[in-house]
Colleague: 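Take this structure, written in structure tokens, and hold onto it; I'll ask about it next.
We name chains A, B, ... by the order of the sequence lines, and we start the count at 1 in each one.
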There are 2 protein chains.
Amino acid sequence: MSIDNYVKIFKALGEPSRLRMLKLLSVRPMYVCELEKVLQMSQPRISQHLRVMKHAGLVTERKEAQRTFYALKIDYLDEQFKELLEFFHADLESLPLFTGENQRFKELEEDCGVAQCKEGKIDAVKIKQEA
Amino acid sequence: MSIDNYVKIFKALGEPSRLRMLKLLSVRPMYVCELEKVLQMSQPRISQHLRVMKHAGLVTERKEAQRTFYALKIDYLDEQFKELLEFFHADLESLPLFTGENQRFKELEEDCGVAQCKEGKIDAVKIKQEA
DNA sequence: AACTTATATAATAATATTATTATACACGGA
DNA sequence: TCCGTGTATAATAATATTATTATATAAGTT
């Protein structure tokens with residue numbers, strides 16, 4: 001688990017051209033020139049988006065003579081989605097990357113009964129009822 | 001299902017500050033001033049990221065006197081993730097937004113036996129074996 | 001009423017992303 | 001060996017995103 005890794009994956013997914021490409025690759029692996037035809041985009045545009053997705057770990061590439069064959073790593077995608085949902089359900093304490101947040105979060109919880117954020121205190125009791 | 005909707009969600013998730021905020025909101029709903037303290041970010045920065053996430057449908061806001069109370073819509077997140085995995089497993093034909101791609105994809109498949117992308121033909125038989 | 005707190009928003013500057021154009025390079029065929 | 005095909009990459013211009021600073025608004029407090 002790494003925030004940066006999730007960010008890289010979601011950045012890769014958060015672009016319409018790339019989502020369309022990924023959907024096509026989900027049908028079957030394809031060559032760049034095929035994607036070019038089906039998506040009607042310029043070749044450099046396709047290659048650049050494929051590079052982003054490769055770096056995010058979402059596709060594999062394989063050279064075949066002059067061609068390059070790209071395939072969606074659907075298992076990786078499934079796995080990462082599952083992992084992220086677990087991330088959202090995990091305790092703060094179990095996440096090494098959130099030690100600072102966890103510390104400050106606890107301080108907030110300890111200062112109950114005073115409804116002032118400015119002095120670092122807040123009515124945490126009331127908040128818990130609402131949540 | 002809408003590509004643009006997915007894109008909006010993934011754009012919102014594809015930023016480290018926002019991912020951290022969402023994780024905190026997964027612990028419990030929080031006020032802006034609390035997020036400010038725990039994340040140690042400036043207030044406008046927090047508000048702006050919250051706005052992005054609200055527009056993506058990932059959080060709800062509720063006014064409470066001067067404060068605003070933000071909550072993660074975990075059910076929506078779960079639902080959208082599930083939907084996207086279904087999107088990747090769906091037939092091209094069942095996706096209304098991909099009629100153009102589907103058409104051109106079929107043309108590609110029909111031109112079997114000729115390994116030339118330039119003339120719109122490709123060795124689709126070979127490709128199917130590999131995939 | 002004046003002051004403080006909490007939040008949102010506008011304006012700005014800095015940075016990142018995207019698409020196009022131009023170029024380079026590898027491979028196979030004539 | 002020269003040419004066409006397929007792909008990657010660099011350079012550029014256009015656009016979008018991000019964080020900060022400054023300001024506005026609204027609600028509680030004295």
Colleague: Without decimals, in angstroms, what is the distance between A/H49 NE2 and D/dA8 C1'?
Modeller: 15 Å
Colleague: Look at the side chain of B/K11 and the backbone N and O of A/G14, then say whether any donor-acceptor pair between them is shorter than 3.5 Å.
Modeller: yes
Colleague: Grab the CD-C1' distance between B/E34 and C/dT5 for me, whole Å please.
Modeller: 14 Å
Colleague: Treating primed atoms plus P, OP1 and OP2 as sugar-phosphate and everything else as base, which nucleotides of nucleotides 21-30 of chain C get B, S or - for protein heavy atoms under 4.0 Å?
Modeller: BB----BS--
Colleague: Ignoring backbone atoms, test whether A/R51 places a side-chain nitrogen or oxygen under 4.0 Å from the OP1 or OP2 oxygen of D/dT9.
Modeller: yes
Colleague: Nearest whole angstrom, please: distance from the P of C/dT9 to the CG of B/L50.
Modeller: 11 Å
Colleague: So, using side chain to side chain contact (heavy atoms under 4.5 Å, CB included) as the criterion, who are the partners of B/E101 when residues are at least two apart?
Modeller: A/R20, A/L24, A/V38, A/L39, B/F98, B/R104
Colleague: Applying side chain to side chain contact (heavy atoms under 4.5 Å, CB included), name anything that partners A/S26, two or more places apart in sequence or on another chain.
Modeller: A/K23, A/L72, B/F88
Colleague: Send over the distance from A/M30 CE to D/dG6 C1', rounded to a whole Å.
Modeller: 15 Å
Colleague: Measuring from A/F87:CZ to B/L19:CG, what's the distance to the nearest 0.5 Å?
Modeller: 5.0 Å
Colleague: Establish, with yes or no, whether the OP1 or OP2 oxygen of D/dA8 is under 4.0 angstrom from a side-chain nitrogen or oxygen of A/Y70.
Modeller: yes
Colleague: Can you list everything that forms a side chain to side chain contact (heavy atoms under 4.5 Å, CB included) with B/T99? Sequence neighbours excluded, please.
Modeller: none
Colleague: Nearest 0.5 Å please: distance from the CG atom of B/L35 over to the CZ atom of B/R45.
Modeller: 12.5 Å
Colleague: For D/dT18, take OP1 and OP2 only and decide whether either is under 4.0 Å from a side-chain N or O of B/R18.
Modeller: yes
Colleague: B/R51: what forms a side chain to side chain donor-acceptor pair (under 3.5 Å) with it, not counting sequence neighbours?
Modeller: none
Colleague: Using 0.5 Å steps for rounding, measure from the CG atom of A/L22 to the CD1 atom of A/I74.
Modeller: 9.0 Å
Colleague: With sequence neighbours excluded, what pairs up with A/K54 under the side chain to side chain donor-acceptor pair (under 3.5 Å) test?
Modeller: A/E61
Colleague: Starting at CD1 of B/I46 and ending at P of D/dA19, how long is that distance when rounded to a whole Å?
Modeller: 11 Å
Colleague: Within residues 52-60 of chain A, find the residues that approach DNA chain D with a heavy atom at under 4.0 Å, and present them sorted by residue number.
Modeller: none
Colleague: With rounding to the nearest 0.5 angstrom, report the CZ to NZ distance, B/F105 to A/K37.
Modeller: 14.5 Å
Colleague: Output the rounded distance in Å from CZ (B/R20) to P (D/dA19).
Modeller: 10 Å
Colleague: Give me the distances for all protein-to-nucleotides 1-3 of chain D N/O pairs that come in under 3.5 Å?
Modeller:
none

Colleague: At less than 4.0 Å, is any side-chain N or O atom of A/T68 found next to OP1 or OP2 of D/dG6? Yes or no.
Modeller: no
Colleague: Can you list the residues that meet the side chain to side chain donor-acceptor pair (under 3.5 Å) rule with B/Q43, with sequence neighbours excluded?
Modeller: B/S47
Colleague: Over how many whole Å does the gap from A/K63 atom NZ to D/dT5 atom P extend?
Modeller: 17 Å
Colleague: What pairs of residues pass the side-chain hydrogen bond (donor to acceptor under 3.5 Å, both in side chains) test when at least one of them lies in residues 83-97 of chain B, not counting sequence neighbours?
Modeller: B/Y6-B/E83
Colleague: For the pair made of NZ in A/K8 and C1' in C/dT17, what is the distance, rounded to whole Å?
Modeller: 17 Å
Colleague: Can you tell me how far apart CG (B/L77) and CG (A/L85) are? Round to the nearest 0.5 Å.
Modeller: 6.0 Å
Colleague: Side chain to side chain donor-acceptor pair (under 3.5 Å) with B/Q103: which residues, sequence neighbours excluded?
Modeller: B/E107
Colleague: Residues from residues 10-17 of chain B sitting under 4.0 Å of DNA chain D, heavy atoms only?
Modeller: B/K11, B/E15, B/S17
